[in-house]
Amino acid sequence: MTLAAATVTASGTPGFLSPTGVEIAFLLVGLVTLGAALITVTTRQLVHAALWLVVALGGLAVEYLLLTAEFIAWVQVLIYVGSVVVLLLFGLMLTRAPIGRSPDADSGNRWAALTVAVAAAVALVWVVVDAFRTTWIDLGGPAAGTTEVTGASLFRHWVLPFEALSVLLLAALVGAIVLSRKAKADAGPAVPGKEGVR
Amino acid sequence: MHLAYPAVLSALLFCTGLYGVLARRNAILVLMSVELMLNAVNLNLVAFDVWLSRAARDTLHSGQALTLFTIAIAAAEIGIGLAIVLAVYRNRGTSDIDKLRDTAEGPETEGPGTPAAEKAEATA
């Protein structure tokens with residue numbers, strides 16, 4: 001609460017009715033991102049879902065740029081748009097997903113899922129808006145997420161988790177290779193291109 | 001920037017992913033929805049990190065470090081998840097999660113010809 005008050009007084013008590021240019025850009029990109037996410041979870045064409053996911057993840061990268069976290073934005077573009085979506089498209093192709101509309105893309109409990117999601121959305125938005133109504137991010141001054149700042153904090157304070165993460169990535173690589181081999185040992189890795197992406 | 005904008009966007013994206021996880025039938029579409037939920041959490045972490053780095057003079061940047069770790073773990077998760085989905089597809093001929101009911105309990109009938117279910121019942 002004191003933090004919020006200090007932030008408001010420091011930035012000169014901005015108001016809801018006079019949004020800055022960054023806020024307007026954030027709002028527009030956010031609408032595009034949310035729309036792409038909604039199409040991703042509702043479309044009946046499986047390949048289109050993966051392509052709309054690209055739009056949603058790219059929009060999130062733009063949001064990171066607007067929040068001055070440029071290193072995270074480019075990591076997002078590299079890893080999500082570059083490799084995760086490619087892996088998902090490979091998965092769709094290897095499981096012989098139908099190209100056109102597939103009428104059974106949604107399961108029978110769609111209305112229960114919609115109820116749960118809408119209830120969670122209402123509750124979360126209510127709580128979040130009520131909690132952070134008077135809180136403002138000060139985006140002026142030096143950027144909080146440049147590559148220099150992120151790298152310094154990562155290799156000064158977070159070295160041990162970073163190294164543990166590299167071990168985890170190695171374990172995941174070995175696990176993916178073992179899982180995607182055939183049961184018979186005579187055939188090699190069954191899925192080329194799957195490990196090559198990472 | 002008002003902190004409510006990224007917080008509300010992240011909450012809505014999380015709920016979109018929640019709907020996708022609950023309503024989708026194809027396992028790969030469920031994985032896509034999980035990615036949406038993870039990205040909503042990442043947006044929250046970055047927004048609060050940028051806020052705290054200025055408001056509380058935080059130099060640790062734990063939000064951004066945790067975001068990078070989450071992205072790396074999500075990449076590992078999608079690799080393992082797709083390998084599991086492909087193994088299931090190769091064994092069962094489907095990636096429809098409504099038909100993978102071998103470990104289900106309850107009154108409904110088991111799937112046709114599932115030795116895994118019988119083995120599970122025998123050991124139980």
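Proteins come first, then strands; the chains are lettered A, B, ... in the order of their sequence lines, and each starts at number 1.
Note: A:Leu92 leads A:Val22, A:Val178, A:Leu92 in heavy-atom pairs under 4.5 Å with chain B. The candidate from B:Val88, B:Leu12, B:Thr67 with the greatest count of non-hydrogen atom pairs under 4.5 Å with chain A is B:Leu12. Of the listed residues (A:Leu114, A:Thr20, A:Val129), the one with the most heavy-atom contacts under 4.5 Å to chain B is A:Leu114. Taking chain B as the reference chain and counting heavy-atom pairs below 4.5 Å, the highest number among A:Thr95, A:Leu124, A:Leu165 is found for A:Thr95. Comparing B:Ser10, B:Ala23, B:Gly20 by how many heavy-atom pairs each has under 4.5 Å with chain A, the most go to B:Ala23. The candidate with the highest count of non-hydrogen atom pairs below 4.5 Å against chain A, out of B:Pro6, B:Ala7, B:Ser95, B:Ser33, is B:Pro6. For chain B, the option among A:Val128, A:Thr40, A:Leu67 with the highest count of heavy-atom pairs below 4.5 Å is A:Leu67. Taking B:Leu36, B:Val8, B:Asn39, B:Ile97 one by one and counting their heavy-atom pairs under 4.5 Å with chain A, the maximum is reached by B:Asn39.
Both the backbone and the side chain of A:Thr43 come within contact range of chain B, with heavy atoms under 4.5 Å apart. Proximity to chain A is limited to the side chain of B:Tyr89, based on heavy atoms less than 4.5 angstrom apart. When heavy atoms are compared at a cutoff of 4.5 Å, A:Thr42 approaches chain B by way of both its backbone and its side chain. Residue contact with chain B, scored on non-hydrogen atoms closer than 4.5 Å, involves the side chain of A:Leu27 exclusively. Looking at B:Asn26, both its backbone and its side chain come within 4.5 Å of chain A, counting heavy atoms on both sides. Within the 4.5 angstrom heavy-atom criterion, only side-chain atoms of B:Leu29, from C-beta onward, approach chain A. Of the two parts of B:Thr16, the backbone and the side chain both hold a non-hydrogen atom closer than 4.5 Å to a non-hydrogen atom of chain A. With a threshold of 4.5 angstrom between heavy atoms, B:Ser62 approaches chain A through its backbone and through its side chain. With a threshold of 4.5 angstrom between heavy atoms, A:Ala152 does not approach chain B through any atom at all.
Taken together through direct or relayed side-chain contacts under 4.5 Å among Ile, Leu, Val, Met, Phe, Trp and Tyr, B:Val46 and A:Leu154 form part of one hydrophobic cluster. Both A:Val54 and A:Leu88 belong to a common hydrophobic cluster when Ile, Leu, Val, Met, Phe, Trp and Tyr are linked at side-chain heavy-atom distances under 4.5 angstrom. Hydrophobic cluster membership differs between B:Val34 and A:Ile39, with clusters built from Ile, Leu, Val, Met, Phe, Trp and Tyr side chains linked at under 4.5 angstrom. Note on A:Ile72 and A:Val81: same hydrophobic cluster, where clusters join Ile, Leu, Val, Met, Phe, Trp and Tyr whose side-chain heavy atoms are under 4.5 Å apart, directly or indirectly. Under a hydrophobic-cluster definition in which Ile, Leu, Val, Met, Phe, Trp and Tyr are linked whenever side-chain heavy atoms come within less than 4.5 Å, directly or via other members, A:Val77 and A:Leu89 are assigned to different clusters.
The only member of A:Leu78, A:Val84, A:Ile79 that meets side chain to side chain contact (heavy atoms under 4.5 Å, CB included) when paired with B:Ile71 is A:Ile79.
Applying the ring pair (Phe, Tyr, Trp, His ring centres under 6.0 Å) test to A:Phe26 and every residue at least two apart in sequence or in another chain returns nothing.
The minimum heavy-atom distance linking A:Leu168 with B:Ala76 is given by the pair CD2-CB, 4.2 Å. Looking at every heavy atom in both residues, A:Glu63 comes nearest to B:Leu9 through OE2-CD2, 3.1 Å. Taking every heavy atom of both residues into account, B:Leu68 and A:Phe71 meet most closely at CD1-CE2, 3.7 Å. Of all non-hydrogen atoms in A:Leu179 and B:Ala83, the two that sit nearest each other are CB-CB, 3.8 Å. Listed here is the closest heavy atom pair of A:Ala176 and B:Ile80: N-CD1, 3.7 Å. Summarising the geometry of B:Leu18 relative to A:Ala117, their closest heavy-atom pair is CD2-CA, 4.3 Å, with the distance given to 0.1 Å.
Here A:Tyr80 contributes atom OH and B:Leu38 contributes atom CG; the two are 5.0 Å apart, rounded to the nearest 0.5 Å. Between the CG atom in A:Asp138 and the CE atom in B:Met1 there is a gap of 11.5 Å [rounded to 0.5 Å].
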>> As a quick check of understanding, evaluate side-chain contact (heavy atoms from CB on, under 4.5 Å) for A:Leu38 and B:Tyr19, giving each step before the final call.
In response: CA-CA 9 Å; A:Leu38 283 174; B:Tyr19 169 77; over 6 Å; no
> Could you go step by step and tell me if A:Thr135 and B:Trp51 meet the side-chain contact (heavy atoms from CB on, under 4.5 Å) rule?
Replying inline: CA-CA 9 Å; A:Thr135 309; B:Trp51 171 49; 3.3 Å; yes
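Note on B:Arg25 versus A:Asp106: no salt bridge recorded, every NZ/NE/NH1/NH2 to OD/OE distance being 4.0 Å or above.
At least one donor-acceptor pair closer than 3.5 Å links the side chain of A:Glu23 to the backbone N or O of B:His2. At least one donor-acceptor pair under 3.5 Å links the side chain of B:Gln64 to the backbone N or O of A:Ala144. Side chain of B:Arg54 to main chain of A:Leu139: no donor-acceptor pair is present (N/O by atom type, distance under 3.5 Å, no hydrogens or angles). In this structure a side-chain-to-backbone donor-acceptor pair under 3.5 Å is present from A:Trp158 to B:Leu60.
Ring centers of B:Tyr5 and A:Phe132: at least 6.0 Å apart, outside the cut-off.
Using a 4.5 Å heavy-atom cutoff, the side chains of B:Ile28 and A:Leu46 are not in contact. Side-chain contact between B:Phe48 and A:Ile137 is absent, with no heavy atoms from C-beta onward closer than 4.5 Å.
Using a 3.5 Å distance cut-off with no hydrogens or angles, the side chains of B:Asn42 and A:Gln76 do not pair a donor with an acceptor.
Counting non-hydrogen atoms of other residues, nucleotides and ligands closer than 6.0 Å to CZ of B:Phe69 gives a total above 12.
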